[in-house]
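Both ligands and their constituent atoms are indexed starting at 1 by order of listing. All heavy atoms count here, side chains included; hydrogens, waters and symmetry mates do not. We count residues from 1, following the sequence as given.
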Amino acid sequence: MTEQSSLPETEITFESLNLADPITKALEGLGYEKPSPIQARTIPLLLEGRDVVGLAQTGTGKTAAFALPVLSKLAEVDERHDSPQVLVLAPTRELALQVAEAFTSYAAHIPTVSVVPVYGGSSYGPQLAGLRRGATIVVGTPGRVIDHLERGSLDLSDLKYLVLDEADEMLRMGFAEDVDRILSEAPDGKQTALFSATMPRAIQRITGDYLNNPEQVEVAGQSKPAQNIRQRYLQVAQPWKLEAMTRLLETEETDGIITFVRTRNMVEELTSKLIARGFAAAAISGDIPQNLREKTVNDLRAGRIDILVATDVAARGLDVERISHVINYDIPHDTASYVHRIGRTGRAGRQGDAILLMTPRERYLLRSIEKATKQSVEEMQLPSLDEVNASRRAAFAEEITKTIASQVESDEFSVYRDLVANYIEEHNVAAVDIAAALAMMAQDGRPLEAAEPDLPPMNMRGRRKEQQSGERSSRPKRPSKEGQATYWIAVGHKDRVGPGNIVGAIANEANIDTSDIGDIQIRPTFSLVELPEKLSHQQEEALKNAVVGGRKLNLRLDRGAPKSFDSRGSRGGGFDGAQRGQKKKQRWSKTKKRSDFNS
Ligand code: ADP
Ligand code: MG
């Protein structure tokens, strides 16, 4: 629902697009009123038979932009399609499923088509059966599609339409080679469409290599913040930012919060500092793989965390209703990202708050944002310690009220009530003194009132140092975890794989959480990966058969591992921080140029 309401306006109607009747009927059933801008512009081109590159932000309706014209054309051929006519590639299992579901609902009144999703993490049985029964539309992740091609269970010789969905994300996950391979194996004469939120160079290359005179359609993001977002800024010297942030968090009335910083290192640093100060914060950045990011966003949505610390890239298109505040911990350098950032609040017509922390020197950046958006950002003052303490007292009082309201009838409450009553009788102490003593016990040594922080200039230098050392250890060392084991896989440098490809394939194919994927060492002819010791039979099978860089992984427990690991010093703890940091960086850096891994 919220996504729908964020779809921008257009004048064109679905009727004017001349989609086949069963499609219009399905759209009525779904309650779609009119096409979104990307749909209005790409549907006519695709109906005409053109190759199309569609660029638009998340949530703008890209799925229907390709699904509707393709289905419309299939509906007009009045016969059963028993071999795949349509192949859609999507980066993750979730997205593949979503697209398959969308196709199924748009095709509700077309009895001649069937949709089969193929993705890792589930057994081959149902997918094979689906393919054997004759799938018209196959939606899959690149790794699994290649796998089916190799097994001969997927035949593309009759393919009429090929779609690359969320193409930028697909490449970011390390699927470039798989995508290349699928595109080059698909027959000529098909119609190809590529949809993406951004257009990095790698996508321009794919477009140039495989699309036939494509028309590029770009729907610009909004350039003005919505009216329901209150924009304020707080001028603060760099070393005071964390203190300022904490005071804001304590005094503003917040629900979910997203805070933006400029670099990935800063994401890690700010997250751990907020956690150390007792806030429920978590990080998302380009360093963190997509499915882990999705999990973190769901944690925010469900209230398991309150603060998301993010970079621009990681938060793209994020749509979480409960975000009440966007706090720009660092000022963005351009207006577009400012507008995008603060657009993460005020979702679904709610009121939102955007607060910018700005150092005196950055004032000119704020001015240029104000000029470009033709809106002024209101100045606010650093909340004083008195204000912070007043809200702490209010919060404490609120806790008391809540506890009494919810517990007064409970047995446990009456145990304490009796205890206190007895105490008063025996010691002749006022109830208020007892309550105060209990409050102190509850605080467990933490003073309720905030004290004056000792900050710059004295702390300036200390902070610098901490930042530097923090940079190295900002990815907390993840020691070989209890319950992890080292596995051998059959791909190495010679197959031109990078850590990104391996993480992507393992996470997708075996449905393993990326946080459970430990060190990856890529050797010339094989690689070693740390994974949970106990894999299910299904996961093991999935990982034996998963294909990366055109080669089956043939995963097995690595018996020689401890030795070879030790000789490299990784297990024995011989790795010093710097090397370790380096390795980690390489491990997550999916966007890293492939050539970096070739050498
Ligand atoms: P994207 O791929 O651009 O991120 P999706 O295709 O996933 O966006 O669509 C986002 C949401 O908008 C989905 O819930 C979809 O059902 C809905 N939607 C798409 N087109 C329309 C439309 N024309 N009218 C109303 N809702 C739509
Ligand atoms: Mg999409």
Flag for Y338-Q231: side-chain donor and acceptor within less than 3.5 Å = yes

Can S157 and D155 be counted as having a side-chain donor-acceptor contact under 3.5 angstrom?
-> yes

Taking [X] first and then [Y], would you say they form a salt bridge - that is, a charged N and a carboxylate O separated by under 4.0 Å?
X	Y	value
E76	K73	no
D330	R341	no
E150	R181	yes
K25	D21	no
R144	D178	no

Of all heavy-atom pairs linking P69 and I43, the shortest is CD-CG1, 3.9 Å

Minimum heavy-atom separation for I342 to A354, with atom names?
-> CG2-CB, 3.6 Å

Would F14 count as a contact of ligand 1 if the rule is a heavy atom under 4.0 Å away?
-> yes

How many protein N, O or S atoms sit closer than 2.8 Å to the Mg ion (ligand 2)?
-> 1

Going by the 4.0 angstrom heavy-atom rule, the piece of K34 near ligand 1 is backbone

Examine [X] against ligand 1 and note whether any of their N/O atoms are separated by less than 3.5 Å.
X	answer
P35	no
Q39	yes
E33	no

Find all atoms of ligand 1 within a distance of less than 4.0 Å from any non-hydrogen atom belonging to E166, and give their numbers and elements.
-> 2 (O)

Hey, which atoms in ligand 1 end up nearer than 4.0 Å to a heavy atom of T63?
-> 2 (O), 5 (P), 6 (O), 7 (O)

